[in-house]
Every structure is written in C-alpha cells, then in structure tokens.
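Some notes on the structure that comes next.
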Amino acid sequence: MVGYKATALITTVLASGSHAFAPASIGGRSATQLSAEDTITFDKVDERTGKPTGTSFLPYEAVERAAKGSPIDKNKIKTDGTSAFVDVYEYAAKIRAGEMTWEEMEKNDLNRLKFVGMLHRDKRTPGQFMMRLKVPNGIVNADQMRFYADCVEKYGEEQGVVDITTRQNIQLRGVKIEDAPDIIDGLHARNQTSFQSALDSVRNMVGHPLAGIDDQEMVDTREVCNALNDLVSLDPVTETRGNPMWGNLPRKFNIAVSGSRDDYAHSHINDIGLVPCAHAETGVMGFNVVLGGYMSIKRVAESVHSDMWIPADRESVVTLCEAILRIFRDESDRKDRQKARLMWLIEKYGVEDFKKEVVKEITSYDRGVKVENAQPHSTEPFERRELLGVHKQKQEGKSRVGILVPVGRLSPKECRQIADLADEYSNGEVRLTVEQNLILPNVDDDKVDALLKEESLGRKSRLMANAGFIEGNTVSCTGAEFCGLALIETKVHAESVAKKLEDLLTVDRPIRIHWTGCPNSCGQVQAADIGIMGAPARKKNEETGKMMAVPGCKIFVGGRIGEDAHLSLEPFKTGVPLAEEELIPELVEILKTQFGAVDKKVRKRDKLKKLVGLRKILGTTLTLTCHFVIRESEIEYVLEEILKMEFGTMDKKTRMRDKLKKLAEEELIPELVEILKTQFGAVDKKESEIEYVLEEILKMEFGTMDKKTRMRDKLKKLVGLS
C-alpha cells in the first residue's frame, strides 16, 4: 500500500503525456491522501485475473473526484467494475452448489454485474436478468441465432425472449446467474461478448446495415465497427474480452459509424457520430465528426458539428475515438451523473477548444493520424432508401430482403426460423437494423420468390417481408413488461396500434412511430415522425363523474433522421390516455393532418371478415339503440352502428347487400329478428313491421323497382336463402 499527496500526483500525470495506454502504475493496491482524515484505497490489479483494474487507468485527480462523487462512482472505487468479469463465474458456482442464492447478493454486487452485460430486473422478474450483447455493425449468423434461442427457451414463453434493440444489438431476457457462465462462454466461442455492454461502458457499435452490398455505399463500416468494438472490449495484453482501460468511465458512451447518405446509423444522437464525406480537394473518402448527441431523462441533445474530418481508414478512426474516450474518461463529471455525458464536457470546453484538445491528444499518440477541418457534404438531391422488402444489391444477381420483426421481439421459435431462412437463402448471415428489424443479404435473385413464400414469412407469422409503411417502421423500448422505470407497457401496445393504423389509413411514405415507456427515451421518440412517451393522464370515470388517473402518454411529432436530421424536443400533445379507443383517434388525426394520411379504401367485405364476438357487439348495439323507434332510416342506423363500432367510421358507403350477406352467414339475421321482436314489437309472418323493415332495406339497396317482386325472391337474391 502506497500513500501519497494528490497534488504531487497530478503533476506526475500531466507530465506523463500518453496516459491513455497504461495505468499510472502497476502494483497491488494504491492509496491517496485527501486530507489528514480521508484516504482513498483501491486495487490496481485484480489478483484473480492479473489484469489492471479500470480505476488504475484514471489520473489521480479523477480518482479524487470519483471518491467524492455519485454513489455509483464511489462504489466503482471501492470494488472495480471489471471485477465482474470473474465475479459472475464465482457467484454462479456458489448458487449452483447451493451455497448462496441471488437474494443474498448485495445491491452493489448485483449492479456491478452490468459490466458483464447483466441487468437485474428486480421489480418485474426478481432473480432474472436481461443480458445485453455486443454485435458490432449488427451482423450475426444462423448459429448465433440458434444459440440465443437455446439460451432463453428454458425461461418460458413470457420471460424467455430475444429482443433486437435500437443499436442493432441483441438482448437475451430471463437469464439467471447460475446459467450466465455457460452463455458467456458460448458467446466468446462464437466471437461475441456481453462484457462492457451496460452501465458505464461504450455501448454497441452501430454501423451501416448494407455494408458491402450497397451500390450507394460510401464507406464499408464493418472493419471499422469491429476495430472499435475490440478497442473498448478486448484486452490488448491478454487478448481476452473485457478491456480494463475503459473499465471506469463516468457514464455510458455511444458511437455510430454511418456508411451512406441515408445515415441508417442515426449519427446525430450518438456521442461520436462519423458521417461519410469525401475530401473536397483530394477526393479521399473520410468522415466528418459530430459529437455529443444523447437522450436522457433530464436532457435530450442533438449532436454538434466538431469541424473535424478524418480519413475513413481503421487507424484514423480508432485513434480519434480513443482520444475522445480518454478525455471523456478522465475529465467528465463524476458527481452529477446527469451531467456526465460528453455533451456537457464539450460545452465546458467550447466546441473549438474541445477540437484543439482532441487534436493535441491524437498528436501525442504519434501514429501519423491527421485531423483536418470538416469537409462540405454533397448537395445533390438524395432520398433516403427503404430497408424492408426486396432490393437489388450492387452484386449482380443478388438481392437483399428486409424482414419486419414487430417491435424487435423474437421468440425462440422465431429465432430458429430466421436461422433456417439465413442458412437457406443468405449463406447464414443476418443483419440487424436500428429499427429493430433484420435483413437477409446476398439472396440469389432466382430464390427470392421461394423465400417470400416461406411459411415463416406467411400470413400466420409475425415476421413479414411486405410490411406496410406504418407497422414496418414502428419501434419500441422494453416497456413496463420488464423495465422498472417504464410508466407504461409499450411493445404489446405498439404492435397492436400499428396493425390497426395500418388497417385504417393509407400513407404515401414510411411513417416512423416510436414508443418509449419513460423520459429516458430508450425508444428515441424525439427522433421519430410520431413519438409516444409514457406519461400521466386523466380520464373521466363514467360511474363517479370524477377524473381519475389512467396510463397515458405524451405525443411528439416531427422528428427527422438522415441528412436532414432534427429532434422534436417539445410534445405535440400531453395527457393522452393510452387506451386504444382514446389513443388511436388521436394518432389518426395526427397522421391525417401532419402526414397526409387518408382513410384506407378497403372492401367492407374484407373488414367484415375480421368481425369477431358478434353477439357481444350486438349486445352493445342493443344498449345504444334500444330507445329508437324503428322507422325508414333507423334500421340502416342499427346496422351501420354495428359496423362502425368494429371498424370505425367509413367514408365511402358500402353496399348494404354485401354487409347483410356476410352478416347473414354469421347468423346475424336471427339475432336481428330477436332484437326487432323484443325491442321494437316485431311479429312473425305478418305484413307488418318486419316486412316493412326488410322492404326498406331492399329499397335502400336496389332503389324503387317498377316490377313488384315477392319478398322471398328478394331475400333469396340478397342473402342466398332458400
């Protein structure tokens, strides 16, 4: 144990220069004296692994601030986050041996497991964890998909599921500590990891989902994303997963590498966004750098232009990101976690001075990397392209097929179905998108039709390759099903509402509807065309007449992505009840007035096919109409109300014959007869009210007829009765 004065150590650190590459010193433990009464002690090396700890890489001034900082930072000094790389195996062994249970683990120990990607969902699924992976550039394969299914299947249909995230990533749900080592080892054997994917770590590397297959690609992001993933999660000394150099960051950190003008990576909402752009003079392809974008409960910030450009080679990209990460790690706030994101540090410096600090840091590495001023982007017209559906690749005879995964949720069965499709049609490769969908690349053109006819993409499947503009662009966070922070359930509502809006409306372009359960905005609602955020709402109780609290939401409108990216920071509407009978009309109105949606022209026959619970609907109609006297117009009203309650208002009047014919097949006429008898005094086999009603229906359908037709002939013609 070594004691020292903080002021002397700061001088040592400032003189060291390249302190991004190694801890200040290697040795058992370290102590720094803050005052006569206060001493900080921390491990410099984890004796179980021989690896330096994350704290050992910090300058002592940062250690001092962390020791006085937030509870999480204090705990990271007390027990280094990187210790979780071994802890998870030790806890699992003890639980398997019956020596302890997960309930006996201290709260800080449970929290520290986030450094191996395990997040305890104690409020929703006590004793079970979500395990977040790292999937650089969102590329997985069939073997990995089957492995995910095998990992979660044992936890049951409700809890054992797999989610595609808004960072092209995979999350396994339901995981128990005792099972974690086998999953981690299986991931490492498949060149994946869960290490350093949560809490204060660099999150998944988002890249171009069409990398290598796009005829409009500017940069193939695959190599860059893999290199950055190794930078932050691969120990360069031991070549094992878990890099202690970045084991004690102030907060999480996001990097996105865009590969085309479409900006499928959403660079404007990442701490580092790399936007492809050719050098104006040399034509060399590179990246303009945008910085500081993020979303949180306290603040949502769009990235700022840094006035930096670097070549798009591996060395330049890794060096730039390493330099920014070093500055962020050592200098960001350690006390207020809401101010510990990169944007706050940039604002503290000022954009110009922060750029100077980054260039200075890069120069100190002496790798020959040169930073130039930002280059002008192309001003040629460009329209962002679709990822779903079938599209030609730059390779002759190959196509990519984008498949909808509703709200990113997959069952083990669906994971295996995707794996089977990949093996059969895309050489085992699967691409994930930030819209929580997937792409099968390199499909032979002459096999596309066979792929689209696969049962796993058929009418009975949730997965589809021909999704509509609304349901195909619906995104959702985890919601209250698993997340204790969420105010509302999101995924179930998002999938249901998207289907109903798709049935009701026609839009002429993709409309991105994002759902998030709370103001942390994991669902990125501010970037959506329409964003739905869980929030309080009130609704009148019909029985008491009083306003009562109900699940509700705020609605954001007007976020944009791509070259014209923009965040919608203020809600368009607040206090909207979440119940579909309240929410859907609001969304229909927004879609019509803001996005030019029109009522879908669908044959009413098709709508009637979806009619369910007929007796219940009739019962509701009876309650609504029992006070009417049946006359020339009321019978049409009764029937129209039945249809409206099920399908909503229909602009174009449907022929009554088609309605009645289908309803008769569902035994509606006997039901109507009963209503007419009990509520309106109809009698059997008399030329009275019942015949009058039917005659009026026929007149409405066929108009006045010169030749008198017998009633039974009319009915036979109308509904096929003999």
Side-chain angles (χ1 to χ4, degrees), residues 138 145 164 168 209-210 213-214 262 264 383-393 397-411 413-426 429-476 491 494-514 528-530 587 591 595-603 605-607 609-610 647:
M145 291 299 298
I164 303 173
Q168 291 180 304
L210 306 181
I213 62 174
D214 182 9
D262 306 272
Y264 294 123
E383 185 175 347
R384 195 173 189 269
R385 296 164 295 159
E386 274 296 284
L387 291 175
L388 292 178
V390 180
H391 304 271
K392 294 289 186 181
Q393 293 181 188
K398 298 287 187 180
S399 292
R400 58 178 168 93
V401 181
I403 296 173
L404 167 67
V405 179
V407 296
R409 173 61 52 81
L410 290 167
S411 67
K413 178 181 177 181
E414 288 167 335
C415 287
R416 295 188 180 106
Q417 288 175 335
I418 292 167
D420 291 343
L421 293 176
D423 275 340
E424 180 68 23
Y425 296 100
S426 61
E429 185 176 345
V430 179
R431 308 275 184 101
L432 311 179
T433 75
V434 297
E435 289 81 19
Q436 302 177 309
N437 297 317
L438 62 88
I439 297 169
L440 297 181
N442 301 309
V443 179
D444 292 334
D445 287 346
D446 59 4
K447 292 185 178 180
V448 168
D449 287 343
L451 169 60
L452 299 180
K453 292 177 183 178
E454 287 282 353
E455 185 177 354
S456 54
L457 299 180
R459 297 178 63 182
K460 295 182 179 180
S461 173
R462 293 174 65 244
L463 309 176
M464 63 179 79
N466 59 344
F469 280 155
I470 295 175
E471 62 184 343
N473 293 277
T474 296
V475 171
S476 174
K491 285 194 181 290
E495 188 171 351
S496 173
V497 169
K499 286 179 178 293
K500 291 178 180 176
L501 290 175
E502 199 72 64
D503 287 341
L504 289 171
L505 300 171
T506 296
V507 292
D508 60 3
R509 65 179 178 84
I511 303 296
R512 298 170 302 104
I513 301 181
H514 288 215
D529 292 312
I530 300 175
L587 295 176
L591 285 163
F595 300 97
V598 296
D599 291 315
K600 182 161 285 187
K601 296 180 179 180
V602 179
R603 295 178 305 171
R605 167 169 43 185
D606 294 332
K607 291 187 176 182
K609 288 180 181 178
K610 298 183 179 180
F647 305 115

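Just so you know, residue 1 is the first one in the sequence shown, and it goes up from there.
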Indicate yes or no for a side-chain donor-acceptor contact from [X] to the backbone of [Y] under 3.5 Å, with no hydrogens or angles considered.
| X | Y | result |
| --- | --- | --- |
| D508 | G596 | no |
| K398 | Q393 | no |
| N437 | V405 | yes |

Next on the checklist: Under the salt bridge (Lys or Arg N to Asp or Glu O under 4.0 Å) definition, can you give me all pairs with a residue in residues 461-476, not counting sequence neighbours?
Outcome noted: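 For residues 461-476: E414-R462, R462-E495.
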Are any non-hydrogen side-chain atoms of [X] and [Y] less than 4.5 angstrom apart?
| X | Y | answer |
| --- | --- | --- |
| L457 | L421 | yes |
| I513 | V475 | no |
| K600 | L504 | no |
| I511 | R509 | yes |
| T474 | V497 | no |
| R409 | Q436 | no |

Return the minimal non-hydrogen interatomic distance between [X] and [Y], and the atom names on each side.
| X | Y | value |
| --- | --- | --- |
| I213 | R431 | CG2-NH2, 4.1 Å |
| R384 | Y264 | NH2-CD2, 3.3 Å |
| Q417 | L463 | OE1-CD1, 4.2 Å |
| I403 | L388 | C-CD2, 3.6 Å |
| L410 | C415 | CB-SG, 3.9 Å |
| D529 | P510 | OD2-O, 3.8 Å |

Out of curiosity, [X] [atom1] to [Y] [atom2], how far, rounded to the nearest 0.5 Å?
| X | Y | atom1 | atom2 | answer |
| --- | --- | --- | --- | --- |
| L440 | Y425 | CG | OH | 10.0 Å |
| K413 | S461 | NZ | OG | 8.5 Å |
| I164 | L438 | CD1 | CG | 5.5 Å |
| I439 | L210 | CD1 | CG | 5.0 Å |
| D262 | E383 | CG | CD | 10.0 Å |
| L505 | D599 | CG | CG | 6.0 Å |

Item to check | Candidates L432, L387, D214 - the one meeting side chain to side chain contact (heavy atoms under 4.5 Å, CB included) with P209 | outcome: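 The passing option is L387.
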Next on the checklist: Set out, in order, the CA-CA distance, both residues' side-chain angles and the distance that settles side-chain hydrogen bond (donor to acceptor under 3.5 Å, both in side chains) for N473 and E435, then state yes or no.
Outcome noted: CA-CA 7 Å; N473 293 277; E435 289 81 19; over 6 Å; no
Checklist entry - side chain to side chain donor-acceptor pair (under 3.5 Å) with K392: which residues, sequence neighbours excluded? => result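 Checked K392 against side chain to side chain donor-acceptor pair (under 3.5 Å); matches are D445.
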